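Here the structure comes first, spelled out in structure tokens, and everything after it is commentary.
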Amino acid sequence: MKKWIVVLIIAGVFLGGIIYAATYSLEDVEISGCVYSSEEEVRQAVKDSAKLNNTIYLYIALRMHDIENVAFVSGTDIEFVSKNKVLVTVYEKQLAGCITYMDSYIYFDNEGNVLESSYELKEGVPCIEGLDISKWENGQKLPIKNEKKFDRILNITQLIDKYDLEIDKILFTNQEEIIFTHDNIRIEMGDGTYLSVQMMNLGSILEGLEGRKGTLYMKDFTTSTSRASFKEEK
């Protein structure tokens, strides 16, 4: 008799737990942290992960596996706002830059992996000109044949991020020299031999030229000679 009472108690607790868990139905998903990724795409991916439309199941699922196939998303965190609402915080991949391809912009990360193709030029992302590619694939490295140039591109974008520089465009000339643009200023960097020291000092130089228009010559700014000149345009 006692055995059956124990079984009934366990069954009652189990059934009560199921009934209580059923009250955790997903009604709202709040998203934060999206800068480049789409909130609606993230929200839909989160809802797709909520089997039985249950917030408890969703919490466990997102703790074990991040959402997939949403451009720029590298990871997520989830917390309960209420039984029926969750807050999902998005952590995005670092956008290093983009290149033009036909009428589109191909965005890539600091390792050169393609993240997305878009007709929109995203604010704050440097656009690289003077490169030719015939094909590309999401998640794969940009198919640039010249590995040396590719490594230089990644080095430039990493330095831009490191020194928090605002560079609109990066151009490689036919002579393999590097030119940046910042607002109305053209910045001639030379062949990149002294790129690290040039970019370490570029931010403070541009601050002193804010609002002006012209060409900044950084070719002679080296580890031994800190020379830069500016030719203003009216």
Side-chain angles (χ1 to χ4, degrees), residues 94-138 140-234:
Q94 183 67 46
L95 266 72
C98 70
I99 63 173
T100 55
Y101 177 78
M102 300 179 69
D103 295 326
S104 302
Y105 298 98
I106 311 300
Y107 292 92
F108 60 92
D109 62 17
N110 277 329
E111 295 181 351
N113 296 316
V114 176
L115 298 177
E116 186 194 48
S117 168
S118 173
Y119 291 111
E120 175 190 2
L121 178 59
K122 301 181 188 299
E123 185 177 354
V125 180
C127 188
I128 300 167
E129 298 181 352
L131 297 176
D132 293 318
I133 60 172
S134 58
K135 60 181 180 179
W136 56 271
E137 186 177 343
N138 275 339
Q140 301 297 316
K141 282 199 172 185
L142 282 169
I144 298 174
K145 294 181 180 179
N146 189 328
E147 286 291 332
K148 186 177 180 180
K149 178 179 284 191
F150 186 64
D151 290 341
R152 181 176 292 182
I153 291 169
L154 295 183
N155 184 40
I156 291 171
T157 55
Q158 288 164 6
L159 288 170
I160 289 173
D161 180 59
K162 179 179 180 179
Y163 296 115
D164 197 25
L165 300 171
E166 295 182 5
I167 302 298
D168 304 318
K169 290 183 180 180
I170 303 167
L171 172 65
F172 288 89
T173 69
N174 292 333
Q175 291 74 37
E176 294 299 316
E177 293 200 336
I178 303 164
I179 297 173
F180 296 157
T181 59
H182 166 81
D183 291 339
N184 292 316
I185 297 177
R186 173 187 169 99
I187 309 162
E188 297 193 2
M189 304 294 290
D191 62 7
T193 302
Y194 300 100
L195 197 61
S196 294
V197 69
Q198 289 170 334
M199 295 185 72
M200 182 172 62
N201 291 275
L202 182 56
S204 59
I205 295 174
L206 289 176
E207 283 182 10
L209 298 174
E210 195 66 36
R212 299 172 70 178
K213 180 179 180 180
T215 301
L216 173 64
Y217 298 95
M218 293 282 291
K219 292 182 179 182
D220 296 326
F221 201 106
T222 68
T223 50
S224 58
T225 307
S226 300
R227 288 203 304 252
S229 60
F230 182 70
K231 183 178 181 181
E232 190 158 15
E233 294 180 23
K234 302 299 182 182

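Treat the numbers as computed from the prediction; the structure is a model and nothing was measured. We number each residue from 1, following the sequence as shown.
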Quiz item: How many angstroms lie between CD1 in I185 and NZ in K213, if you round to the nearest 0.5 Å?
Solution: 11.5 Å
Quiz item: If you draw a 6.0 Å radius around CD in E123, do more than 12 non-hydrogen atoms from other residues or ligands fall strictly inside?
Solution: no
Quiz prompt | Nearest-0.5 Å distance that lies between atom CZ in F230 and atom CG in L209 | solution = 5.0 Å
Quiz item: Are L171 and T181 close enough that some pair of their side-chain heavy atoms sits under 4.5 Å apart?
Solution: no
Practice problem: Please confirm whether the backbone N or O of D191 pairs with a side-chain atom of E176, one donor and one acceptor, at under 3.5 Å? | Solution: no
Self-check item: From Q198 atom CD to K219 atom NZ, the distance as rounded to the nearest 0.5 Å
Solution: 10.5 Å
Quiz item: For Y194, does the OH atom have more than 12 heavy-atom neighbours from other residues, nucleotides or ligands under 6.0 Å away?
Solution: no
Quiz item: So do I167 and L202 actually touch side chain to side chain, heavy atoms under 4.5 Å?
Solution: yes
Quiz item: Can you name the nearest heavy-atom pair linking Y105 to T100, along with the distance?
Solution: CE2-CG2, 3.8 Å
Self-check item: pair D151-N155: side-chain heavy atoms closer than 4.5 Å
Solution: no
Quiz item: What closest approach, in Å, do Y217 and K231 show between heavy atoms, and which atom pair accounts for it?
Solution: CE1-CB, 3.9 Å
Exercise. Could you pull out the closest heavy-atom pair between Y107 and L121, with the gap in Å?
Key: OH-CA, 3.2 Å
Exercise. Flag the pair I99 / W136 as yes when at least one side-chain heavy-atom distance between them is below 4.5 Å, and no otherwise.
Key: no
Practice problem: Evaluate the criterion side-chain contact (heavy atoms from CB on, under 4.5 Å) for residue pair T222 and V197; output intermediate values, then yes/no. | Solution: CA-CA 7 Å; T222 68; V197 69; 5.5 Å; no
Practice problem: Would you please name every residue forming a side-chain hydrogen bond (donor to acceptor under 3.5 Å, both in side chains) with R212, sequence neighbours left out? | Solution: E232
Quiz item: Between atom CG of N184 and atom CD of E233, what is the distance when rounded to the nearest 0.5 Å?
Solution: 9.0 Å
Quiz prompt | Heavy-atom check, side chain of K162 versus side chain of M199, under 4.5 Å | solution = no
Quiz prompt | Nearest heavy atoms of A228 and I205, plus distance in Å | solution = CB-CD1, 4.3 Å
Quiz item: Near K169 NZ, under 6.0 Å, is it more than 12 heavy atoms from other residues, nucleotides or ligands?
Solution: no
Quiz prompt | T225 side-chain N/O to R227 backbone N/O, donor-acceptor pair under 3.5 Å | solution = no
Quiz item: Out of curiosity, S226 OG to D220 CG, how far, rounded to the nearest 0.5 Å?
Solution: 11.0 Å
Quiz item: Would you say the side chain of L154 lies within less than 4.5 Å of the side chain of N110, judging by non-hydrogen atoms?
Solution: no
Quiz item: Where is the tightest heavy-atom contact between P126 and I160, given as atom of each residue plus distance?
Solution: CG-CD1, 4.2 Å
Practice problem: Would you indicate whether E111, at its atom CD, is surrounded by more than 12 heavy atoms from other residues, nucleotides or ligands within a distance under 6.0 Å? | Solution: no
Quiz item: Of all heavy-atom pairs between D183 and D168, which one has the smallest distance, and what is that distance?
Solution: N-OD2, 2.7 Å
Quiz item: Atom CD1 of I156 and atom CD1 of I178: how far apart are they, to the nearest 0.5 Å?
Solution: 4.0 Å
Quiz item: Under 4.5 Å between any side-chain heavy atoms of I128 and F172, yes or no?
Solution: yes
